[in-house]
Student: 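Below is one structure. I have some questions about it.
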Amino acid sequence: MFHLFDTSEGKKTAFRPSDATRIGMYVCGPTVYDAIHIGNARPLVVFDVVYRLLGVLYGAAAVTYVRNITDIDDKIIAAAMRQGIATTQLTEKTIEQFHEDTAALGCLVPTFEPRATEYISSIIAMIERLIAAGNAYITADHVYFRAQSWSDYGKFARRSFDDQMFGARVGIADDKEHPADFVLWKSSSVGLDCDDDAKVPQASMPLWSSPWGEGRPGWHIECSAMSHELLGTDFDLHGGGQDLIFPHHQNEIAQSCCANTGSGFATHWMHNGYVLVDGEKMSKSVGNFVQVADVLGRHGLPVAHRGNLGRVLRLVLLQAHYRQPLNFASAKLATAEKTLKRLWAKVGIVPSSLHGTEGIARAEGASPRATADPMPSWASLDAAFLAALCDDLNTPAALARIHALAADDPAAATRCLAFLGLLPAIDLPSDGDVAIGGGIAQGATSASRSAAEAAESGCIKSRLAEPSFDESGCIKSGDRALQDALQLAAQRDAARRERRFADADALRDQIEVLGFRTEDSGSGQSKLTAID
RNA sequence: GGCGCGAUGGCGGAGAGGUUACGCAGAGGACUGCAAAUCCUUGCACGCCGGUUCGAGUCCGGCUCGCGCCUCCA
């Protein structure tokens with residue numbers, strides 16, 4: 001049984017779905033005005049593992065995973081204005097980029113990925129119910145949720161009205177009845193709520209008509225509306241970053257419980273810890289963020305090569321327990337890359353390269369374990385591995401188990417790696433909408449193909465006996481440095497054969513200048529590896 | 001002011017009242033013409049002060065330092 005630390009209870013509890021054949025899971029997705037950074041990537045990866053785990057425990061078909069896209073927000077409007085484009089143009093572009101990033105990170109595609117703009121009528125209906133019930137009120141420019149109208153307000157986030165420093169960070173709008181009230185709907189007359197110059201209402205603002213005039217929804221209401229539409233009044237698990245506990249999730253709960261009579265909303269809540277930089281929270285406003293695209297090579301690489309760097313970042317994110325703060329540093333990527341390469345080699349997977357350079361690895365003697373079921377069943381997964389994950393998603397312990405397994409049961413280790421989404425994927429589909437699968441089942445097929453292809457492609461052999469370098473067909477004809485290095489490697493092989501070791505060492509130095517490392521194997525075969 | 005989190009070996013990072021976490025780096029060995037890779041072996045630890053206990057990284061109390069949230073945030 002899966003045990004998780006439930007934010008609403010403040011302790012570890014058993015995950016008890018109300019109906020084990022219909023499990024609903026909702027995770028707050030991105031507001032699409034800019035590419036995601038590593039802090040945003042953490043919940044994507046963490047809850048992807050939760051999704052996989054629930055799929056294994058209850059059956060993939062039983063789990064409905066909803067991860068929304070917030071495509072209407074004042075920051076989006078402001079960013080689009082700054083760039084001189086329509087908001088939809090910006091959101092489409094950003095969503096495409098987002099899908100590329102999540103695919104590189106090895107995340108399965110959620111069951112539903114609803115967009116706020118597609119649920120405006122549900123949002124309006126919910127606001128109407130809140131007004132009718134006295135939980136919301138209308139001012140000249142806004143519709144507000146009346147926080148004090150719900151007696152449990154603040155309970156979830158453990159905050160009382162009396163103890164708060166209202167306006168600690170942002171100013172309090174003067175048409176509110178109480179500082180804790182929050183916006184459900186903004187009329188078209190209200191300017192942008194953002195830091196830059198576009199604070200006045202703009203003609204180009206996206207607008208929807210409503211009983212309160214033309215306007216746009218507030219921030220929290222869309223998640224309540226979408227989860228209600230797709231998962232129903234009550235569902236099993238709601239997740240997100242710790243910074244969403246208050247106010248976002250508290251407000252979602254308040255809205256949903258008030259608008260849907262008798263609702264308890266989500267029964268379990270999980271929140272991941274922050275990604276830090278030099279001990280401080282990574283955030284856009286501080287400017288200390290690293291985008292996922294930066295890690296993947298700033299779009300300088302073909303999509304096919306970004307996947308494995310995404311897997312490296314995925315490993316970095318899974319190496320710490322999800323509730324712990326994670327201090328990001330590029331050195332962690334280097335360490336994780338080394339760890340991952342070794343693990344793959346140990347279980348017999350040889351990806352062509354983690355980087356964009358034409359990588360060369362020798363596949364000989366290393367057979368892909370693609371026969372292992374890449375998205376294994378409950379029964380085929382190592383029990384200790386599964387137990388670690390079931391213990392509040394202890395991925396570091398699960399990874400330690402994989403290391404132990406790699407030595408004496410590579411096939412089992414490979415199944416675990418596949419389950420965690422840590423197999424190489426050098427040929428991700430570029431169209432993004434397929435990513436690595438439309439669900440757990442497809443994800444499996446695709447991951448298996450990737451592993452097999454990883455082992456088969458991008459390899460080249462240099463033999464002492466017959467130095468024929470293009471037999472594998474993996475050499476890029478246009479790659480001068482590689483061709484030169486291979487020539488030198490042939491000469492070096494000959495020199496070694498003739499025991500002219502001084503010449504051989506000199507040749508090795510020359511090859512290194514070209515960017516390749518020479519490695520000799522005991523069987524008299526040499527191999528080249530691209531130096532990072 | 002309120003609420004919450006963290007401190008583990010050189011680094012990262014689990015665990016948790018008595019027994020190897022694990023990874024990376026280091027050391028020694030095997031292998032190698034030399035390297036690399038690989039394999040084997042190995043050293044290194046629980047912020048500070050008290051307390052409970054036969055026994056405390058682990059429980060209790062206090063302290064120090066760092067961080068987060070209090071209506072932008074994943």
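Chain letters run A, B, ... following the sequence lines, proteins first and then strands; every chain starts at 1. None of the values given here were measured: they were computed from a predicted structure. Keep in mind that the numbers below use all heavy atoms, side chains included, and drop hydrogens, waters and symmetry copies.
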Student: What's the closest nucleotide to the A:E280 side chain, out of B:rC67, B:rA74, B:rC34?
Tutor: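 Output: B:rC67.
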Student: Within the structure shown, what part of the strands sits under 4.0 Å from A:G273 by heavy-atom distance: base, sugar-phosphate, or nothing?
Tutor: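 Base contact - A:G273 has a heavy atom under 4.0 Å of at least one base atom.
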Student: Please report the distance, rounded to the nearest Å, between CD1 in A:I402 and P in B:rC24.
Tutor: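 It works out to 13 Å between those atoms.
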Student: For atom P, what is the distance between B:rU8 and B:rC46, given to the nearest Å?
Tutor: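 Here B:rU8 and B:rC46 have their P atoms 11 Å from each other.
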Student: Taking atom P in both B:rG68 and B:rG61, what distance in whole Å separates the two?
Tutor: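 Each nucleotide's P atom is 26 Å from the other's.
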Student: Quick one: is the NZ or CZ of A:R159 closer than 6.0 Å to the six-membered ring centre of A:F246, and within 45° of its axis?
Tutor: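 Because its charged atom sits under 6.0 Å from the ring centre and within 45° of the axis, A:R159 does stack over A:F246.
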Student: Are A:K332 and B:rG13 close enough that a side-chain N or O sits under 4.0 Å from OP1 or OP2?
Tutor: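 Yes, such a contact exists.
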Student: Does a nitrogen or oxygen in the side chain of A:K281 sit under 4.0 Å from OP1 or OP2 of B:rC69?
Tutor: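 So the side-chain polar atoms of A:K281 do come within 4.0 Å of the phosphate oxygens OP1 or OP2 of B:rC69, strictly under.
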Student: Can a donor-acceptor pair be found, under 3.5 Å and without considering hydrogens, that links the side chain of A:T335 to the backbone of A:A331?
Tutor: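 Yes: the side chain of A:T335 pairs with the backbone of A:A331.
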Student: Mark yes or no for whether A:D294, through its side chain, and A:Q291, through its backbone, hold a donor-acceptor pair below 3.5 Å.
Tutor: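 Answer holds: yes.
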Student: Determine whether the aromatic ring centres of A:Y26 and A:Y65 lie less than 6.0 Å apart.
Tutor: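 A:Y26 vs A:Y65: aromatic centres not under 6.0 Å.
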Student: Which of these nucleotides, B:rU71, B:rG33, B:rA14, is closest to any side-chain atom of A:K176?
Tutor: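 From the listed options, B:rU71 comes nearest.
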Student: Run the side-chain donor-acceptor check on residues 384-392 of chain A: report pairs under 3.5 Å with partners two or more places apart or on a different chain.
Tutor:
| unit_1 | atom_1 | unit_2 | atom_2 | d |
| --- | --- | --- | --- | --- |
| A:D391 | OD1 | A:K12 | NZ | 2.7 |
| A:D392 | OD1 | A:F5 | N | 2.9 |
| A:D392 | OD1 | A:Y322 | OH | 2.6 |
| A:D392 | OD2 | A:H321 | NE2 | 3.4 |
| A:D392 | OD2 | A:R323 | NE | 3.0 |
| A:D392 | OD2 | A:R323 | NH2 | 2.8 |

Student: Answer with base, sugar-phosphate or nothing: what part of the nucleic acid does A:G39 contact at a heavy-atom distance below 4.0 Å?
Tutor: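 Base contact.
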Student: Is the backbone of A:G215 close enough, under 3.5 Å, to the side chain of A:S187 for a donor and an acceptor to pair up by distance?
Tutor: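 Side chain of A:S187 to backbone of A:G215: no pair is present.
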Student: Please list every stem that involves RNA chain B, where a stem is a run of 3 or more consecutive Watson-Crick or G-U wobble pairs with both pairing distances under 3.5 Å.
Tutor: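 Stems (3+ consecutive pairs) listed as B:1-7 with B:64-70, B:10-12 with B:22-24, B:26-30 with B:38-42, B:47-51 with B:59-63.
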Student: Kindly say whether A:K155 contributes a backbone atom to a donor-acceptor pair with the side chain of A:D152 at under 3.5 angstrom?
Tutor: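 Side chain of A:D152 to backbone of A:K155: no pair is present.
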Student: Distance between the C1' atoms of B:rG23 and B:rA14, in whole angstroms?
Tutor: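 Nearest-Å result for B:rG23 against B:rA14 at atom C1': 11 Å.
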Student: Given the P atoms of B:rC3 and B:rC72, what is the spacing between them in whole Å?
Tutor: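 So the two P atoms sit 22 Å from each other.
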Student: Round to the nearest Å and state the distance from A:K346 atom NZ to B:rA37 atom C1'.
Tutor: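 Rounding to the nearest Å, NZ of A:K346 and C1' of B:rA37 are 13 Å apart.
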Student: Using atom CG of A:L333 as one end and atom P of B:rG12 as the other, report the distance to the nearest whole Å.
Tutor: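 Distance check: A:L333 CG to B:rG12 P gives 15 Å.
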Student: Using a distance-only criterion (donor-acceptor N/O pair, under 3.5 Å, no hydrogens), is the base of B:rC34 paired with the side chain of A:R508?
Tutor: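 A donor-acceptor contact between them is present.
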Student: Can you tell me if A:N327 uses its side chain to pair, donor with acceptor, with the backbone of A:D278 under 3.5 Å?
Tutor: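 Yes.
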Student: If you look at every strand shown and take non-hydrogen atoms under 4.0 Å, does A:A180 touch a base, only sugar-phosphate, or nothing?
Tutor: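 Base contact.
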Student: Which whole-number value in Å describes the distance from A:F246 CZ to B:rA74 P?
Tutor: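 The answer, rounded to whole Å, is 17 Å.
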Student: Counting only side-chain heavy atoms from C-beta out, which of B:rC72, B:rG13, B:rA74 sits nearest to A:Y274?
Tutor: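 Looking only at side-chain atoms, A:Y274 lies closest to B:rA74.
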Student: When we call it a touch if two heavy atoms are under 4.0 Å apart, what does A:D73 touch: a base, just sugar-phosphate, or nothing?
Tutor: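 Nothing, no nucleic acid heavy atom in range.
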Student: Please state whether the base of B:rG33 and the side chain of A:D505 form at least one donor-acceptor pair under 3.5 Å?
Tutor: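 In this structure, the two groups form a donor-acceptor pair.
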Student: Provide, to the nearest angstrom, the distance between the CG atom belonging to A:D408 and the C1' atom belonging to B:rC22.
Tutor: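 For the pair A:D408 CG and B:rC22 C1', the rounded distance is 14 Å.
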Student: Describe the nucleic acid contact of A:F156 in one word from base, sugar-phosphate, nothing, applying a heavy-atom distance below 4.0 Å.
Tutor: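 It contacts nothing in the nucleic acid.
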Student: Between B:rU53 and B:rG18, how far apart are the two C1' atoms, rounded to whole Å?
Tutor: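 The same atom, C1', in both gives a distance of 12 Å.
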Student: Please work out if A:V27 contacts a base, only the sugar-phosphate, or nothing of the nucleic acid, heavy-atom cut-off 4.0 Å.
Tutor: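 If one applies the 4.0 Å heavy-atom cut-off, A:V27 turns out to touch nothing in the nucleic acid.
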Student: Does some side-chain heavy atom of A:F265 sit less than 4.5 Å from a side-chain heavy atom of A:E252?
Tutor: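 Counting from C-beta outward, A:E252 and A:F265 do come under 4.5 Å.
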Student: Nearest whole angstrom, please: distance from the P of B:rG33 to the CZ of A:F501.
Tutor: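 Checked: the CZ to P distance equals 7 Å.
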Student: Please report the distance separating the C1' of B:rC22 from the corresponding atom of B:rA45, rounded so that it comes out in whole Å.
Tutor: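 That atom pair is separated by 14 Å.
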Student: Determine the contact category for A:S283: base if any of its heavy atoms lies under 4.0 Å from a base atom, sugar-phosphate if only primed atoms, P, OP1 or OP2 are that close, otherwise nothing.
Tutor: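 If one applies the 4.0 Å heavy-atom cut-off, A:S283 turns out to touch a base.
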Student: Expressed in whole Å, how much space separates the P atoms belonging to B:rC60 and B:rC5?
Tutor: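 Rounded to whole Å, the distance is 13 Å.
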Student: Would you tell me if any nitrogen or oxygen in the side chain of A:R342 comes within less than 4.0 Å of OP1 or OP2 on B:rU38?
Tutor: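 True: A:R342 side-chain N/O within range (under 4.0 Å) of B:rU38 OP1/OP2.
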Student: Among B:rC24, B:rU71, B:rC72, find the nucleotide with the atom closest to the side chain of A:K75.
Tutor: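 In terms of side-chain proximity for A:K75, the closest of B:rC24, B:rU71, B:rC72 is B:rC72.
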Student: If I take atom CD1 in residue A:I245 and atom P in nucleotide B:rG2, what distance separates them, rounded to the nearest angstrom?
Tutor: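 Atom CD1 in A:I245 sits about 20 Å away from atom P in B:rG2.
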Student: What does nucleotides 3-8 of chain B look like as a protein-contact string, B for base, S for sugar-phosphate only, - for none, at under 4.0 angstrom between heavy atoms?
Tutor: S--S--
Student: Out of B:rA14, B:rG33, B:rA74, which has the shortest distance to the side chain of A:P396?
Tutor: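 Of all the options, the side chain of A:P396 is nearest to B:rA14.
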Student: So, does A:N288 use its side chain to make a donor-acceptor pair with the main chain of A:S283 at under 3.5 Å?
Tutor: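 Yes, A:N288 side chain to A:S283 backbone: donor-acceptor pair under 3.5 Å.
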Student: Can A:K284 be said to sit on top of A:Y33's aromatic six-ring, NZ or CZ under 6.0 Å from centre and within 45° of the ring axis?
Tutor: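 Yes, A:K284 sits over the ring of A:Y33.
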Student: Would you kindly give the CD-to-P distance between A:Q319 and B:rC24, to the nearest whole Å?
Tutor: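 Going from CD in A:Q319 over to P in B:rC24 covers 10 Å.
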Student: Both A:S160 and A:N394 contact RNA chain B. Which one's nearest nucleotide lies toward the 5' end?
Tutor: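 Comparing both residues, the 5'-ward one is A:S160.
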Student: Hydrogens and angles aside, do A:D141 and A:T139 bring a side-chain donor and acceptor to less than 3.5 Å of each other?
Tutor: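 The answer is no; no qualifying pair exists.
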Student: Just wondering, are more than 12 heavy atoms of other shown residues or ligands nearer than 6.0 Å to CG in A:D408?
Tutor: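 It does: A:D408 CG has more than 12 such atoms within range.
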Student: Tell me which of A:L399 and A:D243 sits closer to the 5' end of RNA chain B, going by the nucleotide each one is nearest to.
Tutor: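 Of the two residues, A:L399 wins.
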Student: Report yes if at least one side-chain N or O of A:K338 is closer than 4.0 Å to OP1 or OP2 of B:rA25; otherwise report no.
Tutor: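 So the side-chain polar atoms of A:K338 do come within 4.0 Å of the phosphate oxygens OP1 or OP2 of B:rA25, strictly under.
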Student: Can you see if the side chain of A:R496 gets near the phosphate of B:rA36 - specifically, an N or O under 4.0 Å from OP1 or OP2?
Tutor: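 No, no such contact exists.
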Student: When rounded to the nearest Å, what value does the distance between P atoms of B:rG15 and B:rG26 take?
Tutor: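 Pairwise P distance, B:rG15 against B:rG26, rounds to 28 Å.
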